[in-house]
Amino acid sequence: MSSSKPIATTRSVMNLPTGRLALWWVIASEIVIFGGLLGSYIMFRLSHDAWAEQAAITSTLAGATNTFILLTSSLSAVLAHQAAERGDGPRAAKMLRLTVLGGLGFLIVKSIEWTGEIQHGYTITSNLFWSFYYTAAGLHGLHVIAGMICMLIVARAAARNQELQRVEIVGLYWHFVDVVWIFLFPLLYIAK
Amino acid sequence: MPSWFMPQASTSAVEIDNLILMITVIVGVWFVAAELVFFWLIWKFRARDGVRAQYVAGEAKSEKKWVSYPHYAVLVFDILILIFALRVWNNIKISAPPGEERVRIIAQQWAWTFQHAGPDNILDTADDIRTVEDMYVQVNRTYHFELHSKDVVHSFSVPAFRLKQDAVPGRAINGWFTATQTGTFDVQCAEICGIGHGLMPAHLHVRTAAEHQAWMAEVAGTGAAPAEAADMGTGEVLAHADTARVQMGAMQ
Amino acid sequence: MAEHAHAHAHGAGHGDAFYVRIWAILLVLLFVSVIGPEFGIRVVTLITAFGVAIVKAYMVGRHFMHLGIERKWVVWILAMMMAFVVLMFAGIAPDVQLHNGQNWIKLYEEPAPGSGAHGH
Amino acid sequence: MSAHAIAHEAHGHHEHADPGFFRKYLWSTDHKVIGMQYLFTGMFMAIIGGFTVYVFRMQLAFPGESVPGYGYVNATAYNSLITMHGSIMVFWVAMPVLIASFGNFLIPLMLGCDDMAFPKLNRLSYQIFLLSALVVLSTFFVPGGAFGGAWTSYPPLSASAAYNATPWGAPMWLIAVILEFVAFLLGGINFVTTAMNSRAPGMKMFDVPIVVWMIVLASLVFMGSVGPLVAGAIMLLFDQLIGTGFFNPNTGGDPILWQHLFWFFGHPEVYVVLLPAVGIVAEVMTVFSRKKLFAYRTVVYTALATSVISFFVWAHHQFIAGIDPRMAGIFTVTTLIISVPIAEMMFVYIATMYGGSIRLATPMLWALAFIAEFLIGGVTGIFLGASGADVYFHDTYFVLAHFHYTFFPIAFIGTFAGLTYWFPKMFGRHMNETLGKIHFWGTVVAFNAIFIPLFLAGAGGDHRRIFDYSAFPELASLQPLRQIATIALLVLIAFQPVFLFNFFYSMFRGKRATANPWHANTLEWAAPSPPPHGNFPEMPVVYRGPYEYSVEGREDDYWPQHVPPDDVTVDGPVEAPVAAGGH
């Protein structure tokens, strides 16, 4: 199937590989989605001072651990890209799988954290802060899962030195997910 | 124009109708001119044997002026309309004349409750007058109203007054009006609010000072206990909906 | 500019060590943002939380996503999208964020402190 | 497949390697097939949307009477019908037909490439769209009936079944809308990427046909505006399904937030569907006037300006919704400013006809009708944008008539212009001109007869979305206007089978079309009619802009984009014989 690419896909009038160009548009549309959600959150946060007390309940340790994990997985994603640039498919695949492992770690920390909070009675319906907390982090988590799946697919091909240009594209997406978390972390965990 | 169909029963009605008239004249002239040019061009440049179309790129300044001059004119007229529209808007929604009377309007699915301030002209006192679906005001007095909603978004609309304001749950929204004609006018809900949206009328009775005082003396104090007559609980709402649904199902 | 073959220009001049260094700086910044609130000063917290977040996002964008050497219009597109978000915020905040508007007040009252989480 | 395979396949590929009906029409990655899938889905949804409007207009004209083919209309059913009419016509008719169908069919052909940049993504986009259409249709049959909170879906009405009484209909409607957004985001990314990166050699930015510019700009506007609403829709869905309180004032939420998020998308959405329609009109008008488009760059710049300004005007839908009145003042200014580029665009179109040789074929009639009718929609918008006047007109039939004077020209007149113009390319045959003209006059006259009375009703204070006016004595005198509108609607509907017959009959039996029957310049006419898989026998190279008609000193009054400059006698690919294999 991969050999039947149309000519349209291979053209590059803007001097940018088509895949990367498309990925920038994906990120552009994701910016407004997350922007809409976080913008709404910030409006409410600024008008409800009482939310500081809710934000104090969230575990900064869990948030910081997850930030650390995502930053590290971003490093392995960019190293995968470096390897792919050199044409070293197997190493790129290895690095991508490491990144997936990071994503898995992120999800594990997240689930432990959420389990604890739900057991303490802080559920999505507790109040508006927790609604935003679970919705924003949940939407981000879905992006993490989607990124992991894409990365596994790309890694499989990359291990055989196929479609190496995709390593960079999936990496860009992963960095974007990382950037979203970089903003979620202070918004949901630190600002008290 | 609105005044062909609707009495102008408030001070804002005259103002808004004048604005509408002004816009109608301006855009009307533009519209007619544009359509005339349009149809004239179709007729004038219809395909004829042996006549070839001209090559006009429209990029040169001498050609572009045919488009850009009207375009500047549009801008000028836009500004003209803006000035008048914002003035009317300011008079109606931003600034308000000092209020002489107070009334609270409470919307819910699917009824209007009116809490008149009564003889002492202060809300939430014992002499308040609560009515359901009928609102009583005195002609030529400036009323300040406070708009509430108990459940969903409604809109308090009195076409004869050219008055419209959404009632949003969780907010008390202020507005004003001054009636200039006596009579009974329709109040409508102008924001879809569920099954009974079309069945949510109320009547606004504008009366002379003497009539209004007489009415107040007669009914003063009925607001002390909240009027429950119009309250339809959730259960009833659902029952209502169910009936409607059964009817709908039966018809399909 | 546009004639340069761009596809393989990425990462030129950077070895793996460069990215590890960026990563290390990011970890230091993370540490700063966690420590910031410990001082209990609101301004410091805001700067260490959001200021540092912006710096972190900038570094990830510039170095990991290679926006520094990407075509300029890509950056403009992303900036434009963020501008739309800012525009949206500016248009909505006067209504949603404020408790008292020009002609309305909000009737909602915060639950008493301490009762928040288990409220309805 | 590779370029060689395409070149090889260009002739008579039906005979060998037939991929089978399923792979060819239902599971295809060919942009033309996907375009047709969108078109036929959109046409089907238009019939549903048309049926709903028939039912509730009958109820308005003859309240309490049984509607033939439906039965009695009660308040619940009425609300469901208007909600479904609005959302289906906007999300499942205008969007798929104007953007997805024409975009898919035209972009690769007009840019001179063999397919979209991401054919499989394209297929996925259609499948998600189809799923969303099925979900929204299925809400007619769920307990409680279809959602009845209007297409704007304002909470708290939409947020709680206790208020809207549609426990299934409301969330399913929302899920369908979210799916539809996802489908169009994927499709839009594909369009934009293809248009940017996959243009034929030699095709510079200002050699791109206007319709492609417009579809791409529309996709960009959609992409930039829909995000907050996607977030808002997820929030509203949680409010409905698990009881969060994002829009519930009792828990500190704010119903106004939804209105903002909705209209932040909802207003640009108007331009999302408008732009492709004006693009189609540009193509048709230049061809049938034999004229170069007047000030091509101005059209592009005005479209760009409109796209950007469209992000600044959204709150004019909420002037009286309880937003800060000073903010409303700002939005009045931006709203009136947006009339400037749009007016300029209309002037340019009118100026294009100057000095032309205008032939009133059916596509041209539709294109001209678009301009004439859209002007009415445009000027009446000034009344609503001027906040002072909007206090009276808000939520009356005046608003309704205004946006139908924009949406009907966009979604129907513009589409008919495009369909009748590109029909020979799509199916390799001509539509019948006589039937086309009968359909045109019936539709356009009836359309005006529907909405001019409704303008008057709106000026008379007639409120929208009210299923029975008997409770409002002031409005009783407007009943004849409502009846005129309904009767005109019946006439309008009665003329549509003419089109459907013409369309499907001509698809199989129409006169065969040559590759370039209209003598047009753009690249799609360089391909055979209908274009085979892979589109072009050999990939075209572009030498000039798309509107070089009636160039002085040339024998022919058109000069296709792909014909080399030294070629004086225009022949070769342009006059190529009819392609092998019919439809």
Side-chain angles (χ1 to χ4, degrees), chain A residues 12 14-17 20-21 24-25 27-29 31-32 34-36 38-40 42-44 46-51 53-54 57 60 64 67-68 71-72 74-75 77-79 81-82 85 120-122 125-127 129-130 165 168 171-172 175-176 178-179 182-183 185-187 190-192, chain C residues 2-8 10-11 14-16 19-20 22-23 26-27 30-31 33-34 36-37 45-46 48-50 52-54 56-57 60-61 63-66 70-71 73-74 77-78 80-82 84-86 88-89 92-93 96-99 106 110-111 113-114 116-120:
Chain A
S12 175
M14 301 297 282
N15 279 308
L16 206 64
R20 199 162 87 216
L21 177 60
W24 285 124
W25 286 114
I27 290 181
S29 46
I31 284 176
V32 259
F34 279 104
L38 296 185
S40 307
I42 293 170
M43 277 173 228
F44 280 117
L46 291 175
S47 76
H48 298 283
D49 291 334
W51 285 15
E53 152 192 352
Q54 305 292 329
I57 297 165
T60 308
T67 315
F68 168 74
L71 287 176
T72 311
S74 256
L75 174 68
V78 80
L79 292 181
H81 171 211
Q82 287 297 106
E85 292 275 291
H120 283 88
Y122 301 107
T125 52
S126 290
N127 70 22
F129 172 81
W130 292 98
Q165 84 282 1
E168 177 190 13
L172 282 176
H175 298 313
F176 170 73
D178 186 14
V179 168
I182 284 174
F183 285 104
F185 174 54
L187 281 172
I190 300 183
K192 298 184 168 120
Chain C
E3 280 70 33
H4 290 182
H6 194 70
H8 297 285
H10 270 183
H14 294 319
D16 287 1
Y19 296 103
V20 175
I22 298 292
W23 172 74
L26 285 169
L27 291 193
L30 169 63
F31 182 72
S33 61
V34 174
T45 307
L46 286 179
T48 55
F50 295 100
V52 167
I54 290 169
K56 274 194 285 192
V60 172
H63 298 299
F64 284 0
M65 297 169 95
H66 298 111
E70 183 57 285
R71 310 222 152 269
W73 52 262
V74 170
I77 286 164
L78 301 182
M80 182 129 165
M81 289 296 175
M82 283 182 242
F84 284 149
V85 173
V86 172
M88 180 207 83
F89 188 93
I92 300 180
V96 173
Q97 189 181 320
L98 300 182
H99 287 281
K106 277 193 191 168
E110 293 286 348
H118 294 281
H120 37 258

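Given the structure is predicted, the values throughout are model-derived calculations rather than measurements. Numbered from 1 within each chain, the chains take letters A, B, ... in sequence-line order.
Heavy-atom pairs under 4.5 Å with chain C peak, among A:I42, A:L187, A:T72, A:D49, at A:T72. Comparing C:K106, C:M80, C:H99 by how many heavy-atom pairs each has under 4.5 Å with chain A, the most go to C:H99. Here A:A28 is the residue among A:S74, A:S40, A:A28, A:A64 with the most heavy-atom pairs under 4.5 Å with chain C.
In this structure, the separation between CE on C:M65 and CH2 on A:W24 is 4.5 Å, given to the nearest 0.5 Å.
Listed here is the closest heavy atom pair of A:I190 and C:P37: CG2-CG, 3.2 Å. Of all heavy-atom pairs between A:S47 and C:Q97, the closest is CB-O, 2.8 Å. In terms of heavy atoms, A:G39 sits closest to C:F89 at O-CE1, 3.5 Å. The minimum heavy-atom distance between A:I31 and C:M82, with the atom names listed, is CG2-CG, 3.8 Å.
In this structure, A:F176 has no ring-ring contact (aromatic ring centres under 6.0 Å, His included) partners at least two apart in sequence or on a different chain. Legend: residues meeting side chain to side chain contact (heavy atoms under 4.5 Å, CB included) with C:H63, ordered by chain and number and at least two apart, are C:F18, C:I22, C:M59.
Contact of A:V32 with chain C is made through backbone and side chain together, with heavy-atom distances under 4.5 Å. Residue A:F68 touches chain C through both its backbone and its side chain, counting heavy-atom pairs closer than 4.5 Å. Both the backbone and the side chain of C:I92 come within contact range of chain A, with heavy atoms under 4.5 Å apart. Using a 4.5 Å cut-off between heavy atoms, C:V96 contacts chain A through both its backbone and its side chain. Contacts between C:I77 and chain A at a heavy-atom distance below 4.5 Å involve the side chain alone, from C-beta outward.
Residues A:L75 and C:L26 fail the side-chain proximity criterion, which asks for heavy atoms closer than 4.5 Å. C:E70 has its side chain within reach of A:L16: a pair of non-hydrogen atoms, C-beta onward, lies under 4.5 Å apart. Within the 4.5 Å cutoff, the side chain of A:F185 has heavy atoms near those of the C:V34 side chain. Taking the side chain as every heavy atom from C-beta outward, C:V74 and A:R20 never approach each other to under 4.5 Å. Counting only heavy atoms from C-beta outward, the side chains of A:M14 and C:R71 never approach each other to under 4.5 Å.
Using the six-membered ring where Trp is involved, C:H66 and A:H81 have ring planes that are perpendicular, over 60° apart on the 30 and 60° scheme. Relative orientation of the C:F64 and A:H175 rings is tilted, given thresholds of 30° and 60° on the angle between their planes.
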